[in-house]
Participant: 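My questions all concern the structure below.
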Amino acid sequence: MPWSHRGNAMTGDRKSSAINNAPTNVSPKKLNRRKFLVKTGGVLAAGAFGAVPLRGWAADPINIGALYPTTGSMAQIGTGCVAAAKLAVDMVNEAGGIKSLGGAKLNLIVSDVQSDTTVTRTETDRLISGNKLSAIHGCYASALTLIASEVCERAKVPIISGSSSDQLNKGRTYTFTPFARASQFAKAQLQMAKLVSEQAKVAVIFENTAFGTSTSNGLKELAPGEGVEIVMFEPYSAGFTDASPLINKVKASGANTLFSLSYLNDLILIVRTVKQVGLNIAINGGSGGFVMPDFYKNVGKAAEGLQGVAHWNHDVNDDAQKVNAEFKKRTGEFAFEYAGGLVAQTFMLADALERAASADPKKVREALSTLDVSSGYAAMAPGGKVKFGPDGKNVYGRPVGVQWQNADLASIFPKEDARAPLIKT
Amino acid sequence: MWETLAQAVINGLLIGGIYALVSIGVTLIFGVVKIVNFAQGEFVMIGTYISFFLATQFGIDPLVSLVVSMPVLFVVGVLIQHFLIRRVLGPNDMPQIFLTFALSLLLLNLSLMLFSANYRTVHTSYSDEAWHIGGLYIPVAKLIAFAVAMALSALLWIFLHTTDLGRAMRAASQNRDVAMLMGINPNRVFAVAFGTALALAGAAGSLLMPFYSAYPFVGQVFVLMAFVAVVMGTLGNVMGALIASLMMGVAESLGIQFVGADSGLIVVFALLLLTLAFRPSGLGAKRGR
């Protein structure tokens with residue numbers, strides 16, 4: 001938003017100084033919203049306690065911090081994450097809480113990081129200093145999680161995250177990432193191209209900023225090793241008005257699979273244009289916005305048969321299906337990758353708390369580092385097992401290849417995780 | 001090769017039609033009211049949201065919702081002219097620039113607050129359709145948008161050249177003071193010009209909806225091209241803006257096709273620089289001026 005920056009530069013006369021004062025007028029409102037969220041979280045927790053007969057030795061609740069953007073540009077996924085986090089805490093508490101701590105209940109403390117890196121830093125600080133936390137989870141968006149995890153490392157509070165950035169596994173001891181890493185996604189995509197055709201000819205189009213260029217370079221490096229030929233490798237400027245010229249080029253390249261590393265709006269245009277051109281090509285839209293319920297709502301039938309990759313999918317096992325059904329009941333949407341992953345993460349925390357028999361964050365970290373599960377909600381992930389290596393990475397973590405089939409995401413890759421056959425378009 | 005070239009030209013012309021609606025609005029306001037409306041893109045955005053909500057709430061086809069978005073934005077334009085622009089018209093340009101710029105920021109952030117940054121699309125029966133002729137294809141939604149854009153441009157041209165009000169607008173754009181001396185009411189003329197320009201932006205928004213998304217920044221994508229076209233087609237010249245817009249569309253498309261997918265704008269701006277070097281007043285300027 002270069003315009004708004006210039007807007008701030010407008011100083012000088014009385015009117016514009018009023019503009020400059022605006023932020024101070026806004027922040028108390030946001031503070032109130034935060035307080036509101038914290039309070040509602042408290043009220044919900046109180047409601048949960050009401051159901052249990054209070055005994056003299058009733059255990060203190062265990063505070064779990066949740067850092068998600070519930071306002072700003074990332075709010076849509078962020079609010080979905082909060083809904084999933086609440087569902088997960090309810091599930092743990094309904095099952096009797098943490099038994100080694102006298103049946104202590106989990107108490108979720110939600111904090112809005114407002115889709116902003118600076119706010120994420122201050123909010124993480126505030127959440128840790130203002131509450132006695134045993135662990136934190138968040139923030140879904142890698143850019144925000146990187147910052148939150150730095151703060152958590154310094155404060156020595158464990159953070160468990162569904163974010164896929166490989167950077168989260170570098171030089172950190174309090175950060176745990178139970179799902180596939182970004183570097184694994186590229187490999188999975190290339191292998192999926194070979195499902196479409198033994199002679200995989202891939203056209204890679206990518207938006208020309210950090211996200212597109214870094215991911216596309218990963219694909220380019222791995223392609224020869226996977227026996228995939230890249231016949232077109234083309235950057236484009238995000239936010240174009242017309243995808244036709246680009247698709248014209250893809251058509252001319254003779255590719256049989258198209259990897260589109262794009263933001264959602266561009267991807268929608270690309271998918272529609274491929275359809276209009278009548279080009280018969282398998283499209284792999286990658287992860288992120290592509291594997292969200294909203295994508296199908298926006299693209300409609302044209303999304304059928306499109307492939308992507310995710311770190312979690314709701315059909316991986318029966319437990320995931322149960323979570324999906326409950327999440328659908330609460331929100332009306334299927335449990336997207338971050339939502340389902342978050343339920344698994346909460347159960348991983350519960351497992352660690354159970355074994356640590358303590359709410360002390362350092363002891364919870366110790367217990368997380370020796371976590372080793374292969375059944376139950378905590379193991380509800382592609383691969384079906386969770387065990388953290390010294391870098392906080394799940395040694396069994398792998399992505400799952402998905403395809404849009406009948407308005408739903410079906411797991412199709414790898415073979416062990418496939419729950420539906422690949423539909424060739 | 002020829003097929004690819006022809007396809008690229010078709011693609012460029014079709015999207016150029018949308019650029020034309022936006023740039024004609026900008027150039028009309030500049031020609032008549034003598035201010036640069038930086039907020040033009042945001043009115044396109046409002047047009048897309050009007051069509052989006054009419055389509056999702058009442059099931060109205062985005063093309064039909066043109067009959068709502070255009071009058072609504074016309075009235076908005078008249079009101080903005082009457083209550084805001086009129087007060088800053090004077091010898092000094094700065095307040096006008098700040099006013100329309102502030103309007104742009106306000107509308108942009110207001111829509112972010114109200115609608116969030118999510119992309120919203122409308123799916124019509126013809127959204128994914130295309131006609132195939134030989135090896136070429138023509139997307140139906142874009143062809144309709146192009147045809148309506150050209151029809152609206154033609155209507156505007158007829159209005160400007162055959163009606164009294166239209167002639168008064170052209171007179172005011174040629175020489176405001178003399179026009180006033182001849183008994184033309186400038187406030188009325190300005191209000192109609194501003195309203196018409198915004199109605200065109202609204203039309204652009206509605207026409208976009210079957211094949212593009214509604215989101216707060218949508219206007220900024222199109223307004224950049226519009227400003228280039230306005231300068232290239234000579235400031236204030238409606239026909240010049242129209243022709244320049246189509247040229248920009250084709251230049252962008254050829255650039256993406258033959259230079260590189262991230263080089264569409266390079267070709268556009270190279271063309272602009274060349275035009276300015278050889279015809280500093282733009283393509284629409286009368287020779288010898």
Side-chain angles (χ1 to χ4, degrees), chain A residues 1-4 6-8 10 13 15-16 19 71-76 115 205-209 212 232 234-252 263-269 271-279 289 294-295 297-302, chain B residues 3-4 7-8 10-12 14-16 18-19 38 98 101-102 104-106 108-109 112-113 116-123 127-132 137-142 208 211-213 215-218 220-222 225 249 252-258 260-266:
Chain A
M1 250 199 298
W3 298 59
S4 54
R6 269 187 257 167
N8 289 338
M10 288 193 298
D13 65 15
K15 275 184 188 168
S16 35
I19 294 168
T71 55
S73 58
M74 303 167 182
Q76 202 183 19
S115 317
I205 55 179
F206 55 98
E207 60 87 30
N208 61 358
T209 64
M232 176 182 165
E234 182 99 9
Y236 71 85
S237 337
F240 49 39
T241 50
D242 183 13
S244 319
L246 194 59
I247 299 307
N248 254 0
K249 286 188 119 171
V250 174
K251 189 181 177 185
Y263 293 117
L264 201 53
N265 190 41
D266 298 338
L267 189 59
I268 294 170
L269 276 181
V271 169
R272 279 185 171 176
T273 309
V274 165
K275 198 131 198 237
Q276 285 167 352
V277 177
L279 189 57
D294 244 35
F295 179 78
K297 273 197 236 153
N298 272 318
V299 181
K301 278 228 163 65
Chain B
E3 208 171 83
T4 318
Q7 185 66 58
I10 291 173
N11 292 337
L14 292 182
I15 198 71
I18 299 289
Y19 295 157
F38 286 105
F98 281 138
F101 206 81
S104 161
L105 284 175
L106 178 75
L108 193 62
N109 287 296
L112 269 174
M113 202 173 85
S116 82
N118 291 332
Y119 299 113
R120 292 155 199 271
T121 55
V122 171
H123 209 84
S127 282
D128 300 329
E129 292 302 312
W131 287 335
H132 291 259
Y137 74 95
I138 300 170
V140 174
K142 282 183 193 160
L208 274 173
F211 62 92
Y212 209 70
S213 312
Y215 59 103
F217 297 98
V218 67
Q220 310 221 326
V221 177
F222 290 89
M225 288 301 252
E252 187 189 22
S253 172
L254 291 175
I256 292 174
Q257 193 77 55
F258 296 107
D262 53 355
S263 311
L265 285 179
I266 294 178

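Per chain, numbering begins at 1; letters A, B, ... match sequence-line order. Side-chain atoms are counted along with the backbone in the values below, which use heavy atoms only and exclude waters and symmetry mates.
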Participant: Check step by step if salt bridge (charged side-chain N to carboxylate O under 4.0 Å, His left out) holds for Lys142(B) and Asp242(A).
Facilitator: CA-CA 10 Å; Lys142(B) 282 183 193 160; Asp242(A) 183 13; 2.7 Å; yes
Participant: If you look at every heavy atom in Ala261(B) and Pro235(A), which pair is closest and at what distance?
Facilitator: CB-O, 3.1 Å
Participant: Taking every heavy-atom pair that is under 4.5 Å apart, which of Glu234(A), Lys275(A), Glu207(A) has the most such pairs with chain B?
Facilitator: Glu234(A)
Participant: First locate atom CZ of Phe240(A), then atom CG of Leu265(B), and finally report the distance between them rounded to the nearest 0.5 Å.
Facilitator: 12.5 Å
Participant: Which distance, rounded to the nearest 0.5 Å, do you find between the OG of Ser213(B) and the CG of Asn298(A)?
Facilitator: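 Ser213(B) OG to Asn298(A) CG: 6.5 Å, rounded to 0.5 Å.
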Participant: Which heavy atom of Tyr212(B) sits nearest a heavy atom of Leu269(A), and at what distance?
Facilitator: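 Taking Tyr212(B) first and Leu269(A) second, the nearest heavy atoms are CE1-CD1, 3.3 Å.
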Participant: Any idea which of His123(B), Met225(B), Glu252(B) has the most non-hydrogen atom pairs under 4.5 angstrom with chain A?
Facilitator: His123(B)
Participant: So if I apply the side-chain contact (heavy atoms from CB on, under 4.5 Å) rule between Asn11(B) and each of Leu246(A), Thr273(A), Asn248(A), which one comes out positive?
Facilitator: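 Between Asn11(B) and the candidates, side-chain contact (heavy atoms from CB on, under 4.5 Å) is satisfied uniquely by Asn248(A).
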Participant: By a 4.5 Å heavy-atom criterion (distance strictly below it), what part of Ile15(B) contacts chain A: side chain, backbone, both, or neither?
Facilitator: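 Just its side chain gets close to chain A.
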Participant: Between NZ of Lys297(A) and OG1 of Thr121(B), what distance do you get to the nearest 0.5 Å?
Facilitator: 10.5 Å
Participant: Which bit of Val218(B) is near chain A, if near means a heavy-atom gap under 4.5 Å: side chain, backbone, both or neither?
Facilitator: neither
Participant: Taking side chain as everything from C-beta outward and backbone as N, CA, C, O, which of these in Val299(A) sits under 4.5 Å from a heavy atom of chain B? Side chain, backbone, both or neither.
Facilitator: backbone
Participant: CD1 of Ile256(B) to NZ of Lys249(A): how many Å apart, nearest 0.5 Å?
Facilitator: 8.5 Å
Participant: Please find the pair of heavy atoms, one from Gln276(A) and one from Ser127(B), that lie closest to each other, and give the distance.
Facilitator: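 Shortest heavy-atom separation between Gln276(A) and Ser127(B) comes out as NE2-O, 2.8 Å.
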Participant: Report the option among Ala75(A), Pro245(A), Ser237(A), Ala302(A) that has the most heavy-atom pairs separated by less than 4.5 Å from atoms of chain B.
Facilitator: Pro245(A)
Participant: Taking side chain as everything from C-beta outward and backbone as N, CA, C, O, which of these in Tyr137(B) sits under 4.5 Å from a heavy atom of chain A? Side chain, backbone, both or neither.
Facilitator: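 Interface part for Tyr137(B): side chain.
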Participant: Pick one of side chain, backbone, both or neither for Glu129(B), based on which atoms fall under 4.5 Å of a heavy atom in chain A.
Facilitator: backbone
Participant: How long is the gap from CZ on Phe222(B) to OG1 on Thr241(A), to the nearest 0.5 Å?
Facilitator: 5.5 Å
Participant: Determine, stepwise, if the pair Lys251(A) / Gln7(B) fulfils side chain to side chain contact (heavy atoms under 4.5 Å, CB included).
Facilitator: CA-CA 12 Å; Lys251(A) 189 181 177 185; Gln7(B) 185 66 58; over 6 Å; no
